[in-house]
Amino acid sequence: MGETKYIFVTGGVASSLGKGIISSSIGKLLQARGYNVTIQKFDPYINIDPGTLNPYEHGECYVTADGHEADLDLGHYERFLGIETTKANNITTGRIYKSVIDKERRGDFLGKTVQVVPHITDEIKRNIKLLGNKYKFDFVITEIGGTVGDIESLPYMESIRQLKWELGQNALCVHLTYVPFLAAAKELKTKPTQHSVKELQSLGIQADVLVLRSEHDLSANLRKKVALFCNVEEKAVVQSVDVPTIYEVPLKMQEQHLDKTILRKMGLPIGKDPELESWRTFLSRRAKAFEIVTIGLVGKYVELQDAYKSILESLSQAATYNDRKLVIEYIQSETLMPENIDEKLGKVDGVVICPGFGSRGIEGKFLAARYTRERDIPTFGVCLGMQCLVVEFARNVLGYAGANSVEMDEKTPYNVIDIMEEQKAVTNMGGTMRLGAYECVIAKDSRVFGIYGQEHIQERHRHRYEFNNDYRREYEQNGMKCTGINPESDLVEIVEIPTLKWYIGTQFHPEYRSTVLNPHPLFLSFIKAAINK
Ligand code: GLN
C-alpha cells in the first residue's frame, strides 16, 4: 500500500468505555478490506508490564507468543483479527522511561539534558512507528490507555500531536466518549463529550472521528450538534450503543460507514463493503443458540470476570460453535467445602479449574478436582488447574497424603509439582516466569491427539512450577497419562485420565490462542463433552 497509516484511539469522559473493542472493530473492518493491520496499546502506568499486577488492579494478564505479559486488550485484538501480537504491541510508561534512562546511562544523549519533550515523546513515537517501519503494516492502530486529561497520559497526547503534524493525512485520531442519559430530565447529555473534545484540543489534537458510547440510540440531530460543537464532520460522528455481544460492534461500525470515513480521510480508495461472511455466520449461530451448556468456573477471582477474560471468551466461542448458549457458574474456591460441593458442582455440565498463583482457595480447587474425577464430570484444568488435578490424584489415588505443589507447601513430603530448575535462581518477580510459546509433542494414542489432530503443537505458558518427572511412571501406571511433553526440556505439558469422559489438564494456556474465527480445539471438545454429559 505504500506508507503506513496511523490511527490513534483516545478516550474521554469515563474509563471502561471499550476503546479496546472499538480499536479491534476498526482493525477488523480494515483487515477485511485486505489491509495488513496491527493494534498496539500504550498503558500510562509505571510498571514495566502488567505481569506483576494483581488481577484486582488490572484483570487478566494476557501472554503473547513471544512471551510478553500484556494488557488484556491484546486478547481482544487477537480474537477479533486472528493476528499474533508481540512485545511491541503493548508498551507502558515504565518501559518508555526505562529505555530512555538506559540510553542516558550509556551516554547516548551526548551531554544533553534528558527531558519529557523531546526524549520521552521521541521514544513513544519511535515505538509507534516501529510497527510501521520494521514490520511494514499498512495500518497501525494505537490505543492510548486512560482518559484524556489524565496527568499520566500527557506525554502520549503530545506524541500524537507531533505525529499528526508530521504525518499529515497518514495519521488520524478517533476519540471515544460517553453520552449519559439523565433519567430525571429524560435527556441524553452531550456536554461531557464537548468538554472532552475541548480538552483534547487544548493539547493540540483535533479529533477526526468521534465514537459516542451510549446506552440509548442517539438521534441524527444530537450527532449533528456534537459535530458542530466539536469541529468534526457530521459523517464522522458515529454511535456505539450497547449490543448483546462485543462481536457485533464491527458490524455496527460498518453500518455507519466508519471504515469508509477513515479511508476517505486518509486518502485511500474506498471500494465495496466487505461481506464479513464468516463473522456474520458466527454471530447468527450465536444468536440462534438457545439450549444451554453450564460450565462451573472454579477460581479465586470469581467476583472479577476480567481475571479470566480469555477463558470466558474461549468457552463462549466454543459454545457458539457447538450451537449452545453458555452459562457460567462462578464458584469461589475458598468457599467450596465437602458440605456444599454437591450443591455447587452437582448440576454443572463441565468444570474448569482456573489458573492462578498462591495458596488462597487452593484446597477448594483440589476438592473440585476430586469431585469431578469421582463423578466423571468433564474437567479442564488450566495451568494451576492442571497442577491441581495432579496433586489431587497423588493424594487420593496414589495415596500420598500431604502431596502438594511446592508453591503451596515448601515442605510437602510429596512434591508432585515442583519448582522448575531454571526458576530456582530467579530473584526478580517481573518477566521471569516460563513465558510464551513452547513446542509440545502429543502422544499418538491420547485423547488430546484426537482433539488437535496433530502431533506437534505450540502453546503459550506462564508459570514457575512444573510436573515432577520423578513421579511420572507412577502416575502413568495408575491411570493419569502424561500425553503432551516438551521435546527439549522433557517437561510434562498435558495430563489426562483416558478412562474418564474428559479429564484433561494443560500446563499451558490454550485460551490465549482461541479466536472468533478459529476457536481452540480443546475448548470445542471440552464443551462438546459437557453437552454429551
Ligand atoms: N502458580 C502456578 C505456577 O507458577 C501456575 C501459574 C498459572 O496458573 N498461570 O506454576
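Counting begins at 1 with the first residue of the sequence. None of the values given here were measured: they were computed from a predicted structure. Note that these values count all heavy atoms, side chains included, but never hydrogens, waters or copies made by symmetry. In each ligand, atom 1 is the first atom listed, and ligand 1 is the first ligand listed.
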Colleague: Locate the shortest heavy-atom distance separating Thr432 from Asn428; write the atom from each residue and the value.
Modeller: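 Shortest heavy-atom separation between Thr432 and Asn428 comes out as OG1-O, 2.7 Å.
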
Colleague: Flag the pair Phe282 / Tyr321 as yes when their ring centroid distance falls below 6.0 Å, and as no otherwise.
Modeller: yes

Colleague: For residues Phe380 and Tyr503, establish whether the separation of their ring centroids is below 6.0 Å.
Modeller: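 No: the rings miss the under 6.0 Å criterion.
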
Colleague: I need the full list of side chain to side chain donor-acceptor pair (under 3.5 Å) pairs touching residues 21-30, with sequence neighbours left out, sorted by first then second residue.
Modeller: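 Sorted result for residues 21-30: empty, none.
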
Colleague: Please name the pair of heavy atoms, one in Tyr77 and one in Gly20, separated by the smallest distance, quoted to 0.1 Å.
Modeller: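 Looking at all heavy atoms of both residues, the closest pair is CE2-O, 4.1 Å.
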
Colleague: Who are the residue neighbours of ligand 1 when the rule is a heavy atom under 4.0 Å from any of its atoms?
Modeller: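 Near ligand 1, by chain and number: Pro355, Gly356, Phe357, Cys383, Leu384, Gln387, Glu407, Arg462, His463, Arg464, Tyr465, His509.
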
Colleague: Taking the basic N atoms (NZ, or NE/NH1/NH2) and the acidic carboxylate oxygens, is any pair closer than 4.0 Å for Arg285 and Asp323?
Modeller: yes

